[in-house]
Amino acid sequence: MSYLDELNPVQRQAVENTDGPVLVVAGPGSGKTRVLTYRIAHIMEKGVAPWEILSLTFTNKAAREMQERISKVVGDKARNVWSGTFHSIFARILRVEADKIGYSPNFTIYDTEDTKSVIGAIIKEMNLDKTVYNVNTIRSRISSAKSSLITPRLYAENEAMKMQDRQAKMPFISDIYLKYGERCKRAGAMDFDDLLYRLYELWQKNPEVLDKYRKRFRYLLVDEFQDTNTLQYGIIRKLVHFEGSPRNICVVGDDAQSIYAFRGATIQNILDFEKDFSPFGIKVFKLEENYRSTEHIVQAANEVIRFNKKQIQKKIWSSKGTGQKIKVIKTMTDAEEGKRVADTISEQRNRFHLRNTDIAVLYRTNAQSRVLEEYLRRYNIPYKIFGGLSFYQRKEVKDLIGYLRLAVNPKDEEALRRVINFPKRGIGDSTLDKISELAGQQNLTMWEVLLHIDAGTRTQKSIHEFVKIVQDSGQKAESLNAHEAAMYIAKQSKLIEEYNQDKTVEGLGRLENLNALLDGIKSFVEDDEFETASEQQNKSLASYLQNIALLTDQDDESKNGDYVTLMSVHSAKGLEFKSVFVVGLEEKLFPSFMSMDTPDGLDEERRLFYVAITRAEQYLTLTFSMSRYKFGQMQYNEMSRFIEEIPRDHLESTSALRSGFSADFEPTPSRTTTTAVPSKSGVSGAFKPRPASSNAAPRIDPALFKASPSDQIKVGNTVLHLKFGEGKVLNIDGGKDNRIATIFFEAADDGQEKRIMLKFAKLQIVE
DNA sequence: GAAGTGATGTTTTTT
DNA sequence: ACATCACTTC
């Protein structure tokens, strides 16, 4: 049987149309990965060499899964497909071309912490008030500038940006941005955004280099296209969108699952893609059958996402049967929430014969995991937390990696700052400041200053020792393999000794982590499992560092063991579980207070909720708590509007919603207005009335209610609304398909005039 | 230069 | 609640 027979008709078309531009709009659980992998297999079957195919994903996990699944179809050849994350593939290309942009192939990759530290140092040097110049804010400003292809120069010239900065009382951000770039370059370092930005720049300035890659990658596939930012799409376009290009590109995405707008992702890219490639015979396929979840879940998701204004029209459906209704649990405290979750997990395991691995608990913020942990532990439910502090972000691990980084690239200032006085060797802050100042004045790296500095005898001696350690390490890094070199460096730097002396439980853990890191390096040297076209590996320390720079904790999945998964909704994207708990469904938490004030922010939160509930195959449980500790203080919250947005008939029991709640939980007037106004693009977005549960407004017996056809409703009518009672139609506006009535409800408790979209509202004409 | 103390911000999400 | 950071004291 051919693999093509495993596909439904739409999927099959998406696979078979290998040439020319293709957009696949893929709903949750619609077999997206299957389409991508089979498509690659199919391209190869047509005689294309694996190394002519470039497949880009966002996470290492997705990349690995892809690689594995291609192997299953085409065997060993899969290794030669260029498949990986944007960042890793681009980093690899940049190492090859480094000299053309003034970098060494051994450039360091700065992680977020490094970036913040550099920015902090610059703020300090510029004598700016760091309570005003918040490092996080600035980091994200710089990051989004890069992601939107705005150079420091353009930034300085951009009135809108400057205006924003002035309003935030930070007029010097553009100067910080400029300095930051210079600093990174001087240190031979790139941050995450640079891996994209520098490649763009490289191709921009060197047409012959670009040409080389255009010829190499004849077929391009992009996963999770809704998460790409302007810069990423810019790179993609450079690669395939040019005169005479065959434009063999396939992008797969789901606008409803776009949850990374906060870091520059924009679904505008999907729209632009359609526009850019439509003159070249773009084909659009919509995968609408959901193979993952049962109907209550799929329909609830459909209904909720309809509250969003902008979206590509599609109707996701399931043929997996009605299934269980969605369970809602309300508790008084976050502790009780944890208890109920643990309780329900035990119950479900028995009743439905679930294993722990079938179950996931998803939350909006990582901080919520603590209470949950406590109760899972009490109930003896094994669990594993994903996200949060990654292994590579632990202090002791970063310490050793700092030394390793210096061995490979002594210009790396952040590594130098980290380890120059750890273990303590008498080079304190004042000396460091002096070095840093000298470096700034003479435009040298701190390392170069160290080599020539003239300090007091004692400090001078310490500096000498340190310099020697780094130089020796550098030599070993060149002559030995990664593991041998790392062992040498760990000993020589006295790091092992330092942690050996710490006999506390914590200290022992640290030593253990250090050894785990060294073991990891050992297996890197011994293993050649992951040798692919994009990673022709050598076993040097430099090569090792390049490999781990882009790893996160979710990557070393030791999937042995039976545990319940705890993770943020963001990191759950792409996963599925038989039973899913989404916890903390409260206003200001989910939707987050950070984004609930703007319509776009709220829409993104809703998409996030959409992602959360569509992870569930059979059982979905939503929980919320009336109170919760935040920053050590008790906070009182209301139930999330997202629960309200699920039609009641998909919920198991509405008692959790009813008891103890009053009109507080009905949609607020402001919300009614915002959702009722049709968007300019005319796509769906509507206030959808639900049968009221409890409300101060008059109750109407639903059995006696009979909605009148919306086109019969006229100005002056008196109408009956299930929730708001009797009202008089004051005005009707909007286009013929989107008529909106302004209705005066006598009995409604809040803001009596309401704007209601007739297309969706159920109103009965009384007279 | 190190170690201890109090104030302050932090929690949205990640390559 | 927790961590980080500035400020004090030794």
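Please read these numbers as outputs of a predicted model, since none were measured by experiment. Labels below follow one simple rule: chain letters A, B, ... track the order of the sequence lines, proteins then strands, and each chain is numbered from 1.
The aromatic ring centres of His570(A) and Tyr363(A) sit 6.0 Å or more apart.
The side-chain hydrogen bond (donor to acceptor under 3.5 Å, both in side chains) test applied to Glu414(A) returns Ser117(A), not counting sequence neighbours. In this structure Thr108(A) satisfies the side-chain hydrogen bond (donor to acceptor under 3.5 Å, both in side chains) test together with Asn409(A), Asp412(A), sequence neighbours excluded. Checked against salt bridge (Lys or Arg N to Asp or Glu O under 4.0 Å), Lys630(A) has no partners two or more places apart in sequence or in another chain. Take Arg370(A) and apply the salt bridge (Lys or Arg N to Asp or Glu O under 4.0 Å) test, not counting sequence neighbours, and it matches no residue. Phe593(A) is linked by a ring pair (Phe, Tyr, Trp, His ring centres under 6.0 Å) to nothing, counting only residues two or more places apart in sequence or in another chain. Listed by chain and number, the residues in a side-chain contact (heavy atoms from CB on, under 4.5 Å) with Ser595(A) are Ser592(A), Glu605(A) (sequence neighbours excluded). Residues passing the ring pair (Phe, Tyr, Trp, His ring centres under 6.0 Å) test with Phe217(A), sequence neighbours excluded: Trp82(A). Residues satisfying the salt bridge (Lys or Arg N to Asp or Glu O under 4.0 Å) test with Asp193(A), not counting sequence neighbours, are none. Glu576(A) meets the salt bridge (Lys or Arg N to Asp or Glu O under 4.0 Å) test with Arg292(A); sequence neighbours excluded.
Which of dT15(B), dT14(B), dG1(B) sits closest to the side chain of Phe192(A) comes down to dT15(B).
Looking at heavy-atom distances under 4.0 Å, Phe86(A) makes no contact with the nucleic acid at all. Using a 4.0 Å heavy-atom criterion, one finds that Phe590(A) contacts no nucleic acid atom at all. Within the 4.0 angstrom heavy-atom criterion, only backbone atoms of the sugar-phosphate kind lie near Asn421(A); the bases stay farther away. Heavy atoms of Thr112(A) sit under 4.0 angstrom from at least one base atom. Within 4.0 Å of Phe58(A), counting heavy atoms only, lie sugar-phosphate atoms of the nucleic acid but no base atom.
When each of Lys116(A), Lys398(A), Arg139(A) is tested with Asp111(A) by the rule salt bridge (charged side-chain N to carboxylate O under 4.0 Å, His left out), just one qualifies, namely Lys398(A).
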Filtered N/O pairs between nucleotides 8-10 of chain C and protein, under 3.5 Å:
none

Could you list the protein-to-nucleotides 3-10 of chain B atom pairs, N/O on both sides, closer than 3.5 Å?
residue : atom : partner   : partner atom : Å
dT10(B) : OP1  : Asn134(A) : ND2          : 2.9

Name the pairs: protein N/O against N/O of nucleotides 2-4 of chain C, kept only if under 3.5 Å.
residue : atom : partner   : partner atom : Å
dC2(C)  : OP1  : Arg370(A) : NH2          : 3.1

